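These notes are about the structure you will find just below.
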Amino acid sequence: MRDGWEEMIGGFGGVRLYANAVWPGDPKGTVIIIHGLCEHQGRYGHVAESLLSGGYGVCRFDLRGHGRSEGMRGFYKSFHHMAADVDAVAERVKKDGHKGPVFLLGHSMGGMIAAIYGAMYPEKTAGIVLCGARTRFSQTKWSSCLPLPEAEDTYLETRFGENICGDRQVVEAYREDPLVEKRYTAGLRNSCWYGVQWLKEHAPSMTVPLLILHGGEDTLVSEAESREFYGDAGSRDKTLKIYPFLYHEILNEPCKEEILGEIKKWLDRHTDC
């Protein structure tokens with residue numbers, strides 16, 4: 001037996017965020033999934049089903065300007081607004097009553113947001129899972145020209161579909177997905193830049209349990225970023241695993257069930273079950 005909801009939640013400044021949540025009977029805890037740049041929560045249906053099969057409730061939502069959420073497409077004005085939107089979703093989840101500890105699972109830009117949230121509000125989450133997370137700007141093609149001088153509403157092309165995953169079917173589905181944004185703004189890129197700078201300074205404030213996963217062949221976000229963040233994070237309970245030969249979207253690679261199994265084992269070790 002499952003229960004749940006599908007709603008538009010008021011985020012920072014009243015922007016409504018599309019979200020849905022599902023719980024199995026007697027859940028061990030709840031995992032809030034935060035997607036990456038230009039994508040949407042619907043691409044994580046298989047992740048949600050895997051977590052549900054492991055006894056965990058799942059909440060997925062579209063970041064503002066993404067998917068079915070409101071807001072200017074591909075735009076954030078500040079990384080603080082990113083954290084505020086996550087907090088709005090987390091508070092909505094907690095209104096459903098005690099369903100165990102709340103964890104965050106963030107991919108890429110969503111991993112950056114999860115890490116920032118964990119450093120800002122360590123008391124509000126039981127642990128964080130990061131997958132291919134943008135926690136530094138180690139690649140020259142990104143870092144050498146940031147922050148951008150263009151107006152915040154200037155649009156930029158994504159140009160990274162080919163490199164997301166080693167599974168060609170995933171790449172093709174990503175290309176054809178009408179809810180995947182093909183452009184994003186200078187404002188969003190600069191928000192990420194300033195967010196990473198903040199995270200570098202405040203990494204010691206990250207004290208919650210951490211599971212950091214990264215593909216060794218990730219050309220969009222270097223695995224060196226996760227190695228560096230792992231070293232800087234203040235958490236005493238932290239685990240880093242680099243998967244050789246995997247690309248950016250490790251949760252979509254052919255071996256995804258193995259990785260999801262690792263995540264569920266880690267979650268089990270951090271609940272009262």
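Owing to the predicted nature of the structure, the values given are computational and were not obtained by experimental measurement. In what follows, every heavy atom counts, from backbone to side chain, and hydrogens, waters and symmetry copies are set aside.
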Glu49 vs Arg2, test: salt bridge (charged side-chain N to carboxylate O under 4.0 Å, His left out). Steps then yes/no.
CA-CA 12 Å; Glu49 285 301 321; Arg2 294 178 176 181; 3.1 Å; yes
Check against side-chain hydrogen bond (donor to acceptor under 3.5 Å, both in side chains), Trp23 and Asp96:
CA-CA 10 Å; Trp23 286 275; Asp96 287 292; over 6 Å; no
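Remark: side-chain polar atoms of Gln41 are not paired, donor with acceptor, to backbone N or O of His35 under 3.5 angstrom. Although no hydrogens or angles enter the test, the distance criterion places a donor-acceptor pair under 3.5 Å between the side chain of Lys28 and the main chain of Gly54. A donor-acceptor contact shorter than 3.5 Å links the side chain of Thr271 to the backbone of Asp268. In this structure a side-chain-to-backbone donor-acceptor pair under 3.5 Å is present from His107 to Cys131. Side-chain atoms of His46 come within 3.5 Å of backbone N or O of Leu251 as a donor-acceptor pair. At distances below 3.5 Å, not a single donor-acceptor pair connects side-chain atoms of Asp218 with backbone N or O atoms of Glu223. Between the side chain of Ser235 and the backbone N or O of Pro209, no donor-acceptor pair lies under 3.5 Å. The backbone N or O of Arg73 sits nowhere less than 3.5 Å from a side-chain atom of Arg64 that would complete a donor-acceptor pair.
Cluster membership check: Tyr18 does not share its hydrophobic cluster with Val31, using side-chain heavy-atom separations under 4.5 Å among Ile, Leu, Val, Met, Phe, Trp and Tyr. Note: the hydrophobic cluster containing Tyr194 does not contain Phe12 (ILVMFWY, side chain heavy atoms under 4.5 Å, direct or indirect links). A continuous path of ILVMFWY side-chain contacts below 4.5 Å connects Ile128 to Val102, so both sit in one hydrophobic cluster.
Once rounded to the nearest 0.5 Å, the distance linking OG of Ser108 with CD1 of Ile164 reads 10.5 Å. Atoms NE2 and CG, from His66 and Leu17 in turn, are 11.5 Å apart once rounded to the nearest 0.5 Å. From Asp62, atom CG reaches atom CG of Asp85 across 11.5 Å, with rounding to the nearest 0.5 Å. Rounding to the nearest 0.5 Å places CD of Glu70 at 5.0 Å from CE of Met8. Taking NZ of Lys94 as the reference point, atom OG1 of Thr30 lies at 10.5 Å (rounded to 0.5 Å). Distance check, rounded to the nearest 0.5 Å: CD1 of Ile9 to CZ of Arg92 gives 6.5 Å.
Partners of Tyr243 according to the ring-ring contact (aromatic ring centres under 6.0 Å, His included) rule, which considers only residues two or more places apart in sequence or in another chain, do not exist here. Residues passing the side chain to side chain contact (heavy atoms under 4.5 Å, CB included) test with Ala48 are Val58, Arg60, sequence neighbours excluded.
We find that Arg136 and Asp232 are joined by a salt bridge, their nearest charged nitrogen and carboxylate oxygen being less than 4.0 Å apart.
Side-chain contact check for Tyr117 and Asp87: at least one donor-acceptor pair (N or O, by modelled atom type) lies under 3.5 Å. With 3.5 Å as the limit, one finds no donor-acceptor pair spanning the side chains of Glu39 and Tyr174.
Val196 is listed as a side-chain neighbour of Met112, based on a closest heavy-atom distance under 4.5 Å. Residues Trp5 and Cys59 have side chains in contact (heavy-atom distance under 4.5 Å, counting atoms from C-beta outward).
The two residues Val221 and Ala133 make their nearest non-hydrogen contact at CG1-O, 3.3 Å. When every heavy atom of Asp3 is checked against every heavy atom of Lys99, the shortest pair comes out as OD2-CE, 3.9 Å.
The aromatic rings of Trp266 and Phe103 sit perpendicular, their planes meeting at an angle over 60°, well past the 30° parallel limit.
Geometric assessment of Lys238 against the ring of Tyr230 yields a positive cation-pi assignment under the 6.0 Å and 45° thresholds.
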